[in-house]
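Remarks on the structure that follows.
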Amino acid sequence: MSWDFLVTQFGVQLGMWWVIVPAILLGIVVGAVPGFSAQNSLIILLPLTLSMNIHAALAFMIALYCATHLGGGIPAILVRIPGTGGAAATTLDGYPMTRKGQAQQALVLSFCASVFGGLIATLATFALLPWLSKAGLYLRSVEMVVVMLFGLTLIAAVAAQDFLKGIIAGLFGLLIGVIGTDHIYNAPRATFGFLELYDGVPLVPALIGLFAISEALVMVETKMIVSREGRERAERMRWSDTVDGLRMSLHRWWHIVWTSFVGLVIGIIPGAGASVAAFVAYQQSRLWSKTPELYGTGIPEGVIAPESANNGVTSGTLVPMMALGVPGGSTAAVMMIVLQYHGIVMGPQLFTSHPQIAYGVFVSMAVAYIFMIFTILPLARYMSRIVLIGTEYLVPVIVLMTIVAAFAGRQYLFDMGLAVVFGVIGYIAHRTNYHVTAMLIGIILGPLFEEYLVRALRLSQGNVAVLFSSTLGNVLWGLLALSLVLPWWRERQHRKAALRR
Amino acid sequence: MESNDDAQGRTALGADLVIPALALAFAAYFFYSVRGLAWEAQANGLLIGSALVVLCLVQVGRIARAVAKRHGRLGFGSLIRPREAFVKRLGIVAISVAFLVAIRWLGLTLSLFLAMAGALYVMGGRTRRHLFWIPLISAAMAYVLFIGVLQSELPPGPVEHLLAPVVAKLHP
């Protein structure tokens, strides 16, 4: 990768301003609506992104993804309702600042931490990417089988509330991913007699059902996504003290830098995501503070840490997707589906076969953050009013428009029905805490997992012991076993402690 | 949200069995569908399916133990409560299915308009203005995006036939 290539990429991405600016505005709105996440809006807009050229589609998705993380902090600060899971930790000090009459300062702190935290993490990822991408080349079929199982286990361990349920969801997804004809003999398996399933389970309807429709079905039971108290608070918002907020941010620049790295590292772990990163960064910030007792009373560091970390996650999440072909989270999974639709295969080869895509993603992210600096400050105040939309309008629009969007991928009416089926399964999984992200990532990894597994088994003429034949593979198996045992042990310790109390 | 616990503080755990039951049924169907195929076509499914069956049985055992110890009961509270929301949910799913059937005859625009109006009504919308304008705007947007711009092969209906000359002029 040369400087010329980098400068050209930067120029190409800057030329995408016509896609990036609307995506930022949309992302901020989407981020501010609780229960409406980046992946949901990407799903609704799938037909649009699938029809764009690959560079424009990527720029759009990346800008929307980053802006959503930023937008989630707005209602978290103003009305104590986090727009996204990643902004939950922001409420701890953001809302007390609002109550102290420092709402605008808190918003500006949040924007600065988000934009600069995201930018710093993106540049760091960009610098490390050549090494990270080469790591993928050392992985053969055997190791890839373990890496995929490891990713799935981590998602279940970190993201799911109940580890066993997370693993069941992941394996269920993996088995659904095997539906269709096998790679060698083209023999159909578990297709329920539908010709439309011979090519495997289409990812777009699975995604739409498991995320958008299921969340809309959960939303049905509330009149509004905010309480009456939250609504009254949202209607009273004012815009002031922006300069003071900027000054506070500048004074705490080092805090933004190191908490963004916390986000980056956590983002690289599949399944960890923005919520975990934000809380870890908040805890670490408090741990190293000279005045930990002030956390929770409305101090700038308490807003900076989670916001900087949850934007640091954005680039980290894409690393396992680009380098290994294993999506680090649900939004990365959506992006992977769009890239696959355009014929781009994720994994270490991506860096040699399509360097403009592999590096372009991160250049695009950096450009999106630069654009955000200029768009967000004047517009933020008005965005918080989005929380005032009633679910009686949101639910029908989400459900029916996403069902129509399910048609876009393959142009089959069958896929629209499949989205409804996955919607019902996703709703049951949602309500009973079987993690839908683990299920979706299982469905995505299913065909790849089979390809690597069968390749490894064929090389060893069907001997399963081949899976334990490499040193790196065995280390990964050990880590996998640890990640299975640790949550169980931790749960046991918690239960014992609770009983003692 | 209503509580998932009964008067004795026992949690309704029956709903937690739905996903394992679906997974077990699917695994059984998968094993049935791959019988007689070459080992390469069976290996992956059998490996994942077997692990899934074991874990589902562990989960069933865990729930059975909780029920036996009277910490839980076999209710479906978390899925069907609150009752009025459950009725709305069923209504939305039924309208979605009806939409999928109707789209073949009425085309995208008209079927989406009717389904959106029905869904808004089910969700509690009673204002005639909302029941007309929201479906109209949604259907118009869907028409412009999917048929006008993306030229999807969604089934045509009366509205699409009526507007076909306009689209043909835009995409000669």
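This structure is a prediction, so every number in the text was calculated from the model and none was measured. All chains are named by letter (A, B, ...) in the order of the sequence lines, taking the proteins before the strands, and each is independently numbered beginning at 1.
- With a threshold of 4.5 angstrom between heavy atoms, Leu37(B) approaches chain A through side-chain atoms but not through N, CA, C or O.
- By number of non-hydrogen pairs under 4.5 angstrom with chain B, the leading residue of Val464(A), Leu457(A), Ile213(A) is Leu457(A).
- Annotation: maximal heavy-atom pairing with chain B below 4.5 Å, among Thr191(A), Val420(A), Leu413(A), occurs at Leu413(A).
- Heavy-atom distances place both the backbone and the side chain of Phe172(A) under 4.5 Å from chain B.
- The residue among Leu175(A), Val220(A), Leu174(A), Val145(A) with the most heavy atom pairs within less than 4.5 Å of chain B is Leu175(A).
- Using a 4.5 Å cut-off between heavy atoms, Leu52(B) contacts chain A through both its backbone and its side chain.
- Looking at Pro155(B), only its side chain comes within 4.5 Å of chain A, counting heavy atoms on both sides.
- Closest approach of Ala119(B) and Leu400(A) over heavy atoms only: CB-CD1, 4.1 Å.
- Looking at Val397(A), both its backbone and its side chain come within 4.5 Å of chain B, counting heavy atoms on both sides.
- Two residues are said to be in side-chain contact when any heavy atoms from C-beta on lie closer than 4.5 Å; Met401(A) and Leu112(B) meet this criterion.
- Contact count versus chain B (heavy atoms, under 4.5 Å) is highest, among Ala419(A), Ala216(A), Ala405(A), Pro396(A), for Pro396(A).
- Side chain to side chain, Glu153(B) and Tyr412(A) fail the donor-acceptor criterion of an N or O pair below 3.5 Å.
- Annotation: side chain of Leu120(B) is not in contact with side chain of Glu392(A) (no heavy-atom distance under 4.5 Å).
- By the 4.5 Å heavy-atom criterion applied to side chains, Leu154(B) and Val404(A) are counted as neighbours.
- The minimum heavy-atom distance linking Glu40(B) with Glu450(A) is given by the pair O-OE2, 4.2 Å.
- Taking the side chain as every heavy atom from C-beta outward, Tyr29(B) and Arg189(A) never approach each other to under 4.5 Å.
- Chosen from Ile403(A), Val178(A), Leu164(A), the residue pairing most often with chain B at heavy-atom distances under 4.5 Å is Leu164(A).
- Nearest heavy atom pair, residue Ala15(B) against residue Thr432(A), reads O-CG2, 3.3 Å.
- Taking CD of Gln59(B) as the reference point, atom NZ of Lys165(A) lies at 6.0 Å (rounded to 0.5 Å).
- Ring geometry for Phe26(B) versus Phe192(A): interplanar angle under 30°, hence parallel rather than tilted (30 to 60°).
- Residues Phe449(A) and Ile48(B) form a side-chain contact, since some pair of their non-hydrogen atoms from C-beta on lies under 4.5 Å apart.
- In this structure, chain A has heavy atoms under 4.5 Å from both the backbone and the side chain of Phe30(B).
- Side-chain N or O atoms of Tyr434(A) include one that pairs as donor or acceptor with a backbone N or O of Asp16(B) at under 3.5 Å.
- Only the backbone of Val218(A) comes within less than 4.5 Å of a heavy atom of chain B; no side-chain atom from C-beta onward does.
- Residue contact with chain B, scored on non-hydrogen atoms closer than 4.5 Å, involves the side chain of Gln411(A) exclusively.
- No donor-acceptor distance shorter than 3.5 angstrom exists from the side chain of Arg431(A) to the backbone of Leu79(B), with no hydrogens or angles considered.
- Proximity of Glu221(A) to Phe86(B): side-chain heavy atoms (C-beta onward) are nowhere separated by under 4.5 Å.
- Between chain B and the options Leu171(A), Ile184(A), Ile425(A), Asp182(A), the largest number of non-hydrogen pairs under 4.5 Å is found for Leu171(A).
- Residues Met416(A) and Ile103(B) are in side-chain contact: their nearest non-hydrogen atoms beyond the backbone lie under 4.5 Å apart.
- Looking at heavy atoms from C-beta onward, Leu217(A) lies in side-chain contact with Val93(B) at the 4.5 angstrom threshold.
- For a residue to count as touching a neighbouring chain, one of its non-hydrogen atoms must lie under 4.5 Å from one of that chain's; by this rule Leu100(B) touches chain A with the side chain only.
- For Ile92(B), the part sitting under 4.5 Å from any heavy atom of chain A is the side chain, from C-beta outward, and nothing else.
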